[in-house]
Amino acid sequence: MQTMISEIAAHDGETVTLKGWLYNARSGGKIRFLLLRDGTGTIQCVASRADVGEETFELIDTLTQESSIVVTGVARADKRAPGGFELDVKHLELIGRADEYPISLKEHGTAFLMENRHLWVRSRRQVAILRLRHEIIRAIRDFFDNRGFTLYDTPIFTPSACEGTSTLFETEYFGEKAYLAQSGQLYAESGAMALGKVYCFGPTFRAEKSKTRRHLIEFWMVEPEVAYLDLEGDMELAEDFISYIIERVLENRQEELKTIERDTAPLEKIKKPFPRITYTECVDIIKKAGHPIEWGDDFGGDEETVVSSQFDAPVMVHRFPAEIKAFYMKSDPEDERLALGFDMLAPEGKGEIIGGGQREDDYDTLVKKIKAHNLPLEAFNWYLDLRKYGTVPHAGFGLGLERTVGWICGLPHVRETIPFPRMLHRMKP
RNA sequence: UCCGGAGUAGCUCAAUGGUAGAGCGGGUGGCUGUUAACCACUAGGUUGGGGGUUCAAGUCCCUCCUCCGGAGCCA
């Protein structure tokens, strides 16, 4: 029977079998220290010539880093051991001898680590980050599932753009042009009219030549869409959503946060309600900070940081100029120049993690907006049907998973938040 | 795509235009409590590719490639 290293404390004094990989080895004259990892943790195994016998002792001296081994021995609490417990080895079996492992315990450059991403994921830090990603995904699903949302999977092959602005990956679909989805939103809107409250959650693709610490070419996005919801309700939903994710991570993943040396104080400070400020107020804040900006300009990374650094919690900026926002956004009835949309900016200068808002629900207005954005009307016939057959006010948003993971983990770059990041000019391994 | 920086041993980095080096990793040996162990010895190089200047180029010039950082666009 196999015992996982994370559960070793429950087996103090017992004989257990651990299965894993050799992380590091140190030797004394007649004693060997083997650091074993199994994906749940690491433990120091101690082997003496007298305990394991001549043959096994010599085998141990030939073990290379990352060789897979099965070790049986007695678990024992020991202050000298990293992790508090160690294993007195009785038997050791070599499963697969590793070739010279490229990733040593010393420092490496980013390029080298990215080229060896398939091996890099074994390292302690990467394991912790991937577990945090998993926790965040589970929290996302639980949040919506517990609130009566239905998962509504949207297609990845799509016949046309949903926003004219971003660049799409073009591919071929049995002789027809097809594009990889850059958002599931328009399809999710059809789900809201069928099921009331839905969300889609999947990979999305943007062929933008973006080369920054916040961009991936392929990234995961969760997009809720709710019938009979307005902008204010949408912002409340987003605020509850983010609060829930943070709460879950702090509750379940202290160990991993410690491993990656994340200071949790900024996360613990996050409490509802989140600040809500209008785009127009934002422009004033940015101007006062000495950045040149005019009403009507979109925010760059620096501008976002100026705004978000003024608050402990994520800040929601709403009512952007309609001109710089997508065609499907509803205009503010109190000021037609404004769109009923919002962005949520993460604290600590991590930038936009959510974009969303209320959708245009009037048929004629939507047709005008599609035309004004120079988009082909016929591609949106099905979408316009949603306004033709029982239109209702509705709203939703999209959350970028990798940016959220990067923020919560306190990482400077999103490339470590997904097992195999697809970036500009990098598709290997 | 634009602006900046960098490519030297498996990895991280040194080397005034004048004989390419260290630490780690690998190999061999030593050590009974190591914590990225330590000590000794040892192997390991077309200095990113191509062209040029020079008596002489890792070093200077041109060009291409790759990577890193930033900008724009966006989640």
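First the proteins, then the strands, lettered A, B, ... as listed; each starts at 1. Everything quoted here is computed from the prediction, not taken from an experiment.
Classified by interplanar angle (parallel below 30°, tilted 30° to 60°, perpendicular above 60°), the ring pair A:F299/A:Y279 is parallel. In this structure, A:F397 and A:F241 have tilted ring planes: the angle between them lies in the 30° to 60° band.
In this structure, A:K19 does not pair ionically with A:D38, as no charged nitrogen and carboxylate oxygen lie closer than 4.0 Å. Here A:E256 pairs with A:R253 in a salt bridge; the nearest charged N to carboxylate O distance falls below 4.0 Å. Ionic pairing of A:R248 and A:D142 is present here: one or more N-O contacts between side-chain nitrogen and carboxylate oxygen are shorter than 4.0 angstrom. Ion pair A:R262/A:E348 flagged as a salt bridge, since at least one NZ, NE, NH1 or NH2 atom sits closer than 4.0 Å to an Asp/Glu carboxylate oxygen. A salt bridge links A:R359 with A:E225: the distance from a Lys NZ or Arg NE/NH1/NH2 to an Asp or Glu carboxylate oxygen falls below 4.0 Å. Using a 4.0 Å cut-off between charged nitrogen and carboxylate oxygen, A:K272 and A:D240 count as a salt-bridge pair.
Of the candidates B:C73, B:U12, B:C68, B:C68 carries the atom nearest the A:T110 side chain, counting heavy atoms from C-beta on. If you check B:C74, B:U32, B:A71 against the side chain of A:K30, the one that comes closest is B:U32. Checking B:C74, B:U12, B:C67 against every side-chain atom of A:E208, the shortest atom distance belongs to B:C74. Distances from the side chain of A:E100 to the nucleotides B:U12, B:G26, B:A36 place B:G26 closest. Out of B:C73, B:G69, B:U12, the shortest distance to the side chain of A:K211 is found at B:G69. Checking B:A36, B:A75, B:G33 against the side-chain heavy atoms of A:D78 singles out B:G33 as nearest.
Rounded to a whole Å, the CD atom of A:E107 is 16 Å from the C1' atom of B:C68. As a whole-Å value, the separation of A:Y101 OH from B:C11 C1' is 13 Å. If you measure from atom OH of A:Y23 to atom C1' of B:U34, you get 16 Å, rounded to the nearest angstrom. Atoms CD (A:E115) and P (B:C67) sit 8 Å apart, rounded to a whole Å. Computed from coordinates, the A:Q44 CD to B:U32 P distance equals 17 Å when rounded to whole Å. Rounded to whole angstrom, the span from the CG atom of A:L119 across to the C1' atom of B:C11 amounts to 14 Å. Atom CD1 of A:I242 and atom P of B:A75 are 15 Å apart (whole Å). Atom NE2 in A:H215 sits roughly 10 Å away from atom P in B:C73 (whole-Å rounding).
Here A:K209 reaches the OP1 or OP2 of B:U1: one of its side-chain N or O atoms lies under 4.0 Å away. Applying the 4.0 Å criterion to OP1 and OP2 of B:C74, one finds that A:R403 has every side-chain N and O outside that range. Distances shorter than 4.0 Å separate some side-chain N or O of A:R415 from OP1 or OP2 on B:G69.
Listed by residue number, A:E86 are the residues of residues 84-99 of chain A with a heavy-atom contact under 4.0 Å to RNA chain B.
Closest non-hydrogen pair, A:Q358 versus A:L229, comes out as CG-O, 4.1 Å.
For the pair A:E304 and A:H413, both in contact range of RNA chain B, the more 5′-proximal nearest nucleotide belongs to A:H413. Map A:D298 and A:R26 each onto its nearest nucleotide of RNA chain B; the residue landing nearer the 5' end is A:R26.
The residue A:S27 sits close to a base: some heavy atom pair falls under 4.0 Å. Among the atoms of the strands shown, none is found under 4.0 Å from any heavy atom of A:I103. Across all strands, A:Q65 comes closer than 4.0 Å to no nucleic acid atom at all (heavy-atom distances). Residue contacts for A:H108: at a heavy-atom cut-off of 4.0 Å it reaches the sugar-phosphate backbone alone, with no base atom in range. Among the atoms of the strands shown, none is found under 4.0 Å from any heavy atom of A:D343. Within the nucleic acid shown, A:R426 comes within 4.0 Å of sugar-phosphate atoms alone, with no base atom in reach, counting heavy atoms only. Within 4.0 Å (heavy atoms only), A:G109 reaches sugar-phosphate atoms of the nucleic acid but no base atom. Residue-level contact check: A:F33 touches the bases, meaning some heavy atom is under 4.0 Å from a base atom. Nucleic acid contact class of A:S48 (heavy atoms, under 4.0 Å, all strands): none.
B:G18 and B:G5 have their C1' atoms separated by 29 Å, given to the nearest Å. Nucleotides B:C3 and B:C64, compared at atom P, are 13 Å apart to the nearest Å. Rounded to whole Å, the separation between the P atoms of B:A9 and B:G4 comes to 27 Å. Comparing the P positions of B:A20 and B:C2 gives a spacing of 39 Å, expressed to the nearest Å. For the P atoms, the distance from B:G58 to B:G50 is 13 Å, rounded to whole Å. The gap from the P atom of B:G45 to that of B:A22 amounts to 14 Å, rounded to the nearest Å. Using atom C1' as the reference point in both B:G51 and B:C67, the two lie 23 Å apart (nearest Å). Nucleotides B:U59 and B:U8 place their C1' atoms 11 Å apart, quoted to the nearest Å.
Pairs passing the side-chain hydrogen bond (donor to acceptor under 3.5 Å, both in side chains) check and including a residue from residues 284-302 of chain A, sequence neighbours excluded, read A:T280-A:W295.
A:F327 and A:F380 have their aromatic ring centers within a separation under 6.0 angstrom.
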Map every base of RNA chain B to its dot-bracket character, where paired means a Watson-Crick or G-U wobble contact with both distances under 3.5 Å and | marks a partner outside the strand. (((((((..((((....[..)))).(((((.......))))).....(((((..]....))))))))))))....
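Applying the 3.5 Å distance criterion, the base of B:C73 shares a donor-acceptor pair with the side chain of A:S210.
Counted within 6.0 Å of CD on A:E281, heavy atoms from surrounding residues, nucleotides or ligands total more than 12; the atom is thus considered enclosed. Atom CG of A:D99 has 12 or fewer neighbouring heavy atoms from other residues, nucleotides or ligands inside a 6.0 Å radius.
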